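No experiment lies behind these values; they were computed from the predicted model shown. When a ligand or atom number is given, it counts from 1 through the structure's own listing order. Residues: numbered from 1 along the sequence shown.
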Amino acid sequence: MSVQYDLDGQKRAYAKWAPIYDKVYIKLLADGQRKAAQAAAACGRDILEVGVGTGLVLRYYPADARVVGVDLSVHMLAKAREKVRDLGLGQVKCLAAMDACNLGLPDASFDAVTVPFVITLVPDPEGALDEMRRVLRPGGEIVVASKMGAEGGLPMKVETAVAPLVAKMGWSSDFKVSRLRAWADRAGDMKVIDVQPVFPAGFFKIVRIRKAG
Ligand SMILES: C[S@@+](CC[C@H](N)C(=O)[O-])C[C@H]1O[C@@H](n2cnc3c(N)ncnc32)[C@H](O)[C@@H]1O
């Protein structure tokens, strides 16, 4: 299966999700989205959101931020554009169709890159992280929010037990923070500096990865 095939599958899936996404996810993801936006804004004003979707996170960036949002799905982006217009989100400077693994953006142009609830959907997460690192300024951060599986102990046993039920809801525990740490170690100038459990009960996590200054 080629990567191109996977991307087309994602586009088809999110064309169907676009009209109903906000109703399903607005409450469940809000805590992680708000905290991810706050962590990014603490790094500076120039923020890239990869996988911006219907734009649920955009309202959480401060009014003086300069936000660029990209997404594979033109249908999700159309919903984000509606939100920018309806809510008057002047901090959003540009929304564009783009693949996370092939960002048409200049090197070292953002203080932070947010990736809320996206990384586990990308066929080549390390390729996407390489691109985010490229567009990030020294001292900046990649802020990943996602379902990430427990690495061991009782939490992992509980996750394994409930995995079939959780899988029916479309969530998996396969992606772990250790994968982000391994990527950061290989990159050399990136470091996981914080892992924060968020609502509901740590089911989702926010991981901050800083680029050496
Ligand atoms: C679960 S939604 C998250 C949307 C938004 N970040 C949020 O928190 O509500 C995942 C989004 O990632 C996008 N996506 C999936 N694969 C992508 C890729 N390779 N490049 C860019 N966006 C991608 C989808 O089109 C979808 O809009």
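When each of Leu58, Leu95, Asp22 is checked for a side-chain contact (heavy atoms from CB on, under 4.5 Å) with Lys83, only Asp22 meets the rule.
Panel note: side chain Arg134, backbone Leu103; a donor-acceptor pair is recorded below 3.5 Å. Between the side chain of Ser73 and the backbone N or O of His75 there is at least one donor-acceptor pair closer than 3.5 Å.
When every heavy atom of Val122 is checked against every heavy atom of Ala100, the shortest pair comes out as CG2-CB, 4.5 Å. Here the shortest heavy-atom pairing between Phe199 and Asp31 reads N-OD2, 3.0 Å.
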Check ligand 1 for close polar pairs with the protein: N or O on both sides, less than 3.5 Å.
from     : atom 1 : to     : atom 2 : distance (Å)
ligand 1 : 6 (N)  : Glu49  : OE2    : 3.4
ligand 1 : 6 (N)  : Gly51  : O      : 2.7
ligand 1 : 6 (N)  : Pro116 : O      : 2.8
ligand 1 : 8 (O)  : Gln33  : NE2    : 2.9
ligand 1 : 9 (O)  : Tyr21  : OH     : 2.8
ligand 1 : 9 (O)  : Gln33  : NE2    : 2.9
ligand 1 : 19 (N) : Asp99  : OD1    : 2.9
ligand 1 : 20 (N) : Ala100 : N      : 2.8
ligand 1 : 22 (N) : Leu72  : N      : 3.2
ligand 1 : 25 (O) : Asp71  : OD1    : 2.6
ligand 1 : 27 (O) : Asp71  : OD1    : 3.2
ligand 1 : 27 (O) : Asp71  : OD2    : 2.7

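Atom OH of residue Tyr25 and atom CZ of residue Phe117 lie 10.0 Å apart, to the nearest 0.5 angstrom.
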